[in-house]
Amino acid sequence: MDFSFPPEAEAFRSEVRDFLATNLTEEMIEATHDGTMHIPALHRAMAERGWLSGPVPAALGGGGRSALESVILNEEMQLARAPIDAMGVTVIVAAILLEHGDDHLKQHVVPRLLDGSSLACFGYSEPEFGSDVAAAKTRAERDGDEWLINGAKMWTTMAHIADYVLLLTRTDPDVPKHKGLSFFLVPLNTPGIEIQPVPTMAIERSNATFYDDVRLGDEWRVGDVNGGWSVMKTALKYERGIAGGQFLSPPVIDAAVDWAQNHTRPDGTKPIEDPTVREKLIRALIDVEVCRGFAYHCADLANQGVMFGVEGSMTKLFASESYKRHCRDFHDMMGAEGLLTHESADAHLGGRIEENLRHSPVTTIYGGTSEINRNVVAEGHLGMPRAR
Amino acid sequence: MDFSFPPEAEAFRSEVRDFLATNLTEEMIEATHDGTMHIPALHRAMAERGWLSGPVPAALGGGGRSALESVILNEEMQLARAPIDAMGVTVIVAAILLEHGDDHLKQHVVPRLLDGSSLACFGYSEPEFGSDVAAAKTRAERDGDEWLINGAKMWTTMAHIADYVLLLTRTDPDVPKHKGLSFFLVPLNTPGIEIQPVPTMAIERSNATFYDDVRLGDEWRVGDVNGGWSVMKTALKYERGIAGGQFLSPPVIDAAVDWAQNHTRPDGTKPIEDPTVREKLIRALIDVEVCRGFAYHCADLANQGVMFGVEGSMTKLFASESYKRHCRDFHDMMGAEGLLTHESADAHLGGRIEENLRHSPVTTIYGGTSEINRNVVAEGHLGMPRAR
Amino acid sequence: MQTRLTEDELAVQDAFRTFFANESPSTVVREAERTGGFSTELWAGLATIGGTGMALPGAVGGGDATLCDLAVVADVYGAHLAPVPLIEHAVAARLLATIGGHDELVGELANGTPLATIALRPPVDGIARFVPAGAVADVVLAHVGDGIVLDRSAPSGETLPNTGGLALAHRRLTDDVISVDHAAWNHALDEWRGLTAAAYVGLGRRVIEMGVEYSRERVQFGVPIGTFQALQQGYADASTRIEGAHLLAHRAVWALETRQPDASRLAGMALLFAAEAARFATDRSMQYHGGYGFSEEYDVQLYHRRATAWILQLGDPSLEYARLADGEFGPAVDGRMA
Amino acid sequence: MQTRLTEDELAVQDAFRTFFANESPSTVVREAERTGGFSTELWAGLATIGGTGMALPGAVGGGDATLCDLAVVADVYGAHLAPVPLIEHAVAARLLATIGGHDELVGELANGTPLATIALRPPVDGIARFVPAGAVADVVLAHVGDGIVLDRSAPSGETLPNTGGLALAHRRLTDDVISVDHAAWNHALDEWRGLTAAAYVGLGRRVIEMGVEYSRERVQFGVPIGTFQALQQGYADASTRIEGAHLLAHRAVWALETRQPDASRLAGMALLFAAEAARFATDRSMQYHGGYGFSEEYDVQLYHRRATAWILQLGDPSLEYARLADGEFGPAVDGRMA
């Protein structure tokens, strides 16, 4: 075993840190409070450096950079509180288009995604199907040379600023559910699409998108007709591993340490002197190291071309469940002062812990609920039968 | 709402306390370390006072004393570290015999159970069927006027000192499993019975009992032929409510407080000064008050003739799961010193916490596992469908 | 011993269930949150049916109801997240009645106007921070070193933006002591703890109920999600804790009412346990709602945020455990710990 | 970066798996427990295949294996609950090799005789309490205020009766200091932490594996219990924590081996996390074994008791968290806390 980073990866980490110190400002982070977890200027600056194309396999025409560098980029961005959603979606969609799309998509869309001038979003879930993605019933029917799409998608986060949605559709309703699916990359300015905001209990907004007789040429199809599930697997492969949020907690822990060291309790002591606080902080820091281990492990597997579905599920499960716990512990530690939201000028560090507290519950839901991920571990890792 | 005890119940509590102070000695508790959780002298002394017949409904010929007194008796005994198993089994078996047995059992067995001269044990579980009690396959077949019994039972705790086993048998293998069961009260000196000890990771021993062509007259049958499941419901009604162990934790918490106040850590402080220890102790004391609330509630329901299956499950679930947590927390608090077992003269309070630590895992298993009890709550209290 | 509600208590429950169901649907809760955390109409309605003065002495115009009755109402109030300071107002008015000498004001409070509250934490430099209903309360009772102060300065109407959408505000208070009955103050705080515990039980039960209802309708993988054992086990655990909290909260309130020696201890315990149970319940319900629970549109997020906020008004729960430990074991030796 | 085992490490794993599977089945573990917690035969066998000296310098007769190799062995050792002080002996011998000047003894230790151990806690009044393998160790290294002491008094052979069936004993020690290299001592303790974390991973994986096997065979309600989602979710959680512990433990050991600046921090973290993960795993496996897990006959109880005992040899885990906090945040101000 060897947990050292090769010198080029260490160099890359320095580069990323310098980049973020220069290019990511508090004002940019502040601006995400409108609910859109995307910083266009930062995204384009990253594209310029080739960091969006970097993680895409070279065989597909991407940068082919080591998965270790992807995880480093992820880690450093999350530590610096930069949103990573757009980066993740871009890499995944580009990789999918390069692996499954035809020349039209590869030549006209991918370059614009990777240079940061276009943005895509995911259209998997539907109002009636969340965890059960494969049950999608948004229809895509042939109509001459074209496809006619009707249906609705839920949780199409970023759709309101994106140019494309990667849409999972049903092209054959008469076969088992996994076998009648097809993907399309749908330009969001196509007539017949309506985008409605879905506000949440946290800062971020999501969207519902509606498709009413949306007409599309076959060049927008991604992968084989009825071959959608194999495209989906590519997406999940990326999503639960290197593209995920394994470093959700560090900004919260940083804020908690700051509070613990600087706040004075009614009895004149500081929280950092309290053994209950100290133990919670150490437990949180341990959880972060566990996440780090998982993240590096997934990256190492990816680098070696090993599928890491189970490991990705473990990473996602552990990172999100522990993050939720950390948010609660440290929000509690602040007592009433922790209740102040970002809108209050008095809120500690701009209400960072409060904001994370409200954000945290969704992390054990989206991108595969904890229950689904445990099923994956039970079946895929422990070889247990399908649950009853 | 009114949580006061009527004066007669308060008086009964005083009486029990005085009784235990006089009749329960450390030597008696010490003697249970041979693995038999029974103190015959104490049992008989209780019988003399009518405390074994007390909880049995008056309509059945028992003492018909208030369920509040039963819970008080249970509470005080557990606080004093007296085993309650024999008392519980006696009350349940006597009530079942009085409710479902014929005159032979009522006249010849019940009085001897209630005067403490005979002891019974349960024979429900089988080697292959634990939680799934109704799947029992120990056969009872008619042979002329007699019954011929063949099979094996597991977890027949106290069988090695008992006179009878309340045996669940299959009398009709060709109907749905709940409909082909019958109960017998089997004298354990009947030829063909073999009792094998089942040692456990804790102090207590259990037994496996084997039945090889055991012949029994029909007078030993309890309830209707193939009516065993309704007898079982009577048993469970008693078992999960007033007869259960709702006060498992107090002796452990007492010992933990004693340790925390008297042990000196390497740094010269005492554990009781440590906020992490203080919070754990308070959490445990809160859990005890919750158990107390459940116990009194079940007793009050019983007094009013209300079935309390769900409440009994909640009580058992909460009491045992929290007890397991308390044992672990306080065993940890003692560090290496906590590892000493009762066999060591240096063990704190005779190794009480260590002993409870080893005992605790079985409490979330026997008498209905936590998983089964949660199913009962989900279905019976929340009206959820049968789980898949 | 009567661990279930009495006939009278059931009648009270019934009346307030109808009232809150009609007058405090989640649309009202949402609207109140947008406008600072308080619903003037709901408060007026509550006053009309006697909810603002029910547990005050009849002699001054109150309803002479018991604290146990009030706990029954607090439970229903919690279930509906009613955006009015029912508990704080009642506790403040009862405290004032206990202190005596303010019969006229207590009589007015019984009718809901002016609106009273208590500062849960002692003022520092004359300012009480995070006063519940502080944004709208006309009367604030607080505890300073010397005793209890009564402040009648006008509320600012400005709410501190907070997790729970509550009408929290800092208040600058007078330092005129109206009573040195410190025990009465502590008893009032314990009433707040006990009643808030009851409100948490109502909240927790309701959020489980919502989740169970959703689990019957929501179909995934071809079956209602309510048939999944993982989900059932989670709700069963939550429900067990909530019912345990219910018994503890009501026992604590009964103990306060009948002045049992362990009343304060039980009230402190009930609040901590009920808050944790309710937060566990909201967490499970939100998780099993999937993404929808997180969306503003569904009510479960309203419950989640309030479950978080209610107890934190009092401060870090860890300090409440420490307070109980001081009562149980004495303060730690050598003044090493507060 | 190579987060998985290398070819060489896999070969080591393979060899020791075969060895422990053959030589340390649970019958050997049970027999050792009856006779004081140590198996002479197993120790002799381990010496024969080079297990007692593998990670000692070749110059003194050791196997020149890396600490990472040793962690691989510790994992397998943990999976079999091998009743020999593999970790303590290795750590003590490596410490002695680091200190220098005891080449002859280190050479003997490489061959397994005498048997060495370390006292995890400082002696008080000349007595080290609860020394791992203290009942059988011929050589005890300990840390007193002045430095490291080396004691060669004969072991009593008397084991303290304990939860884990371990060969624990109190030892009266010499006060002859052989080295003032406090850093070397701390490093040795960290090696113990890291290697014990690895052993916990082996233990945890095995106890889950046993449980999963049992869940395939055990039929209740007409189906194998392994099909119940509640049980699957529990094992999946346990397994996730154990795999996380594995990555952390191995990273910690690698960091110790390569003298990374965060090595000590990671070793402390790895032990706490791995112990908790393994204890969670044994708890789940015992629960899902039903009554049988609790019976002496089944092996899961052997795992449960050792999972509890291993970390407690070091003391209350809470003090280990406190120690890490001191390193992370500095000791609490004003000397208010240790």
Side-chain angles (χ1 to χ4, degrees), chain B residues 125 127-132 134-135 154-155 177 197-202 204-206 208 265-269 271 273-277 280 324 328-329 331-344 346-347 351 354 357-359 361-362 364-366 369-371 374-375 387-388, chain D residues 120-122 124 129-132 159-166 168 170 218-223 225 227-231 234 275 279 282-283 286-298 300-302 304-305 308-322 337-338:
Chain B
S125 291
E128 287 179 37
F129 305 104
S131 292
D132 191 8
M154 193 65 194
W155 311 118
K177 63 182 178 180
V198 175
T200 69
M201 78 177 281
E204 64 260 47
R205 79 170 251 188
S206 191
R265 285 179 168 174
D267 69 353
T269 64
E273 300 167 35
D274 180 342
T276 67
V277 170
K280 279 185 193 124
K324 199 158 81 169
R328 194 198 133 145
D329 280 351
H331 189 247
D332 274 8
M333 175 187 68
M334 295 172 70
E337 314 281 336
L339 293 173
L340 290 178
T341 69
H342 169 262
E343 293 167 49
S344 164
D346 289 343
E354 200 275 342
L357 176 90
R358 275 184 292 121
H359 172 63
V362 80
T364 58
I365 296 169
Y366 66 13
T369 64
S370 292
E371 288 70 28
R374 289 191 197 102
N375 284 350
R388 300 178 65 243
Chain D
L120 298 172
R121 308 187 306 167
V124 174
R129 290 171 66 83
F130 300 97
V131 176
T159 292
L160 295 164
N162 67 86
T163 314
L166 308 177
L168 295 173
H170 304 327
R218 177 76 172 175
V219 173
Q220 294 282 279
F221 304 102
V223 294
I225 59 171
T227 59
F228 290 116
Q229 199 191 12
L231 192 151
R279 293 172 75 178
T282 55
D283 174 73
M286 176 160 284
Q287 178 72 17
Y288 303 144
H289 267 80
Y292 287 108
F294 188 65
S295 74
E296 213 173 82
E297 182 191 349
Y298 276 64
V300 59
Q301 55 90 8
L302 300 172
H304 190 286
R305 291 186 291 111
T308 299
W310 285 352
I311 189 172
L312 293 186
Q313 297 176 93
L314 194 59
D316 180 354
S318 173
L319 300 181
E320 278 285 291
Y321 286 105
M337 299 180 326

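Protein chains get the first letters and strands the later ones, always in sequence-line order, with residue 1 at the start of each.
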Report which part of [X] has an atom under 4.5 Å of a heavy atom belonging to chain D: side chain, backbone, both, or neither.
X        : value
B:Arg374 : neither
B:Val362 : both
B:Ser344 : both
B:Ala202 : both
B:Ser370 : both
B:His331 : both
B:Glu343 : both

Donor-acceptor pair, distance only, cut-off 3.5 Å: does the side chain of D:Gln220 make one with the backbone of B:Gly130?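 Answer holds: yes.
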Do side-chain atoms of D:Gln287 reach the backbone of B:Thr364 as a donor and acceptor pair under 3.5 angstrom?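 Answer holds: yes.
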Tell me, please, which residues at least two apart from B:Ala336 pass side-chain contact (heavy atoms from CB on, under 4.5 Å). D:Arg121, D:Phe130
In terms of heavy-atom pairs under 4.5 Å with chain D, which of [options] leads?
options                                : value
B:Ile365, B:Leu357, B:Asp332           : B:Asp332
B:Ala347, B:Ser206, B:Gly335, B:Gly338 : B:Gly335
B:Lys177, B:Arg265, B:His342, B:Arg205 : B:Arg265

Would B:Arg328 and D:Asp283 satisfy salt bridge (charged side-chain N to carboxylate O under 4.0 Å, His left out), going step by step from the backbone distance to the final call? CA-CA 11 Å; B:Arg328 194 198 133 145; D:Asp283 174 73; over 6 Å; no
Roughly how far, to the nearest 0.5 Å, is [atom2] of [Y] from [atom1] of [X]?
X        : Y        : atom1 : atom2 : result
B:Thr369 : D:Ile225 : OG1   : CD1   : 10.0 Å
B:Leu339 : D:Gln313 : CG    : CD    : 7.5 Å
D:Leu160 : B:Asp346 : CG    : CG    : 7.5 Å
B:Asp274 : D:Leu319 : CG    : CG    : 7.5 Å
D:Asp316 : B:Met333 : CG    : CE    : 8.0 Å

Distance-only donor-acceptor hits, side chain of residues 289-297 of chain D, under 3.5 Å, sequence neighbours excluded:
unit_1, atom_1, unit_2, atom_2, d
D:His289, ND1, D:Ser285, O, 2.7
D:Tyr292, OH, B:Pro127, O, 2.7
D:Ser295, OG, D:Tyr292, O, 2.8

Under the salt bridge (charged side-chain N to carboxylate O under 4.0 Å, His left out) criterion, do D:Arg129 and B:Glu337 qualify, and how do the steps go? CA-CA 9 Å; D:Arg129 290 171 66 83; B:Glu337 314 281 336; 2.7 Å; yes
With only heavy atoms counted, which part of D:Val124 is less than 4.5 Å from chain B, the side chain, the backbone, both or neither? neither
With a 4.5 angstrom heavy-atom cut-off, could you sort out which part of D:Leu168 is near chain B: side chain, backbone, both or neither?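 Just its side chain gets close to chain B.
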Would D:Arg218 and B:Asp132 count as a salt bridge (charged side-chain N to carboxylate O under 4.0 Å, His left out) if you check the C-alpha gap in whole Å, the side-chain angles of each, and the deciding distance to 0.1 Å? CA-CA 11 Å; D:Arg218 177 76 172 175; B:Asp132 191 8; over 6 Å; no
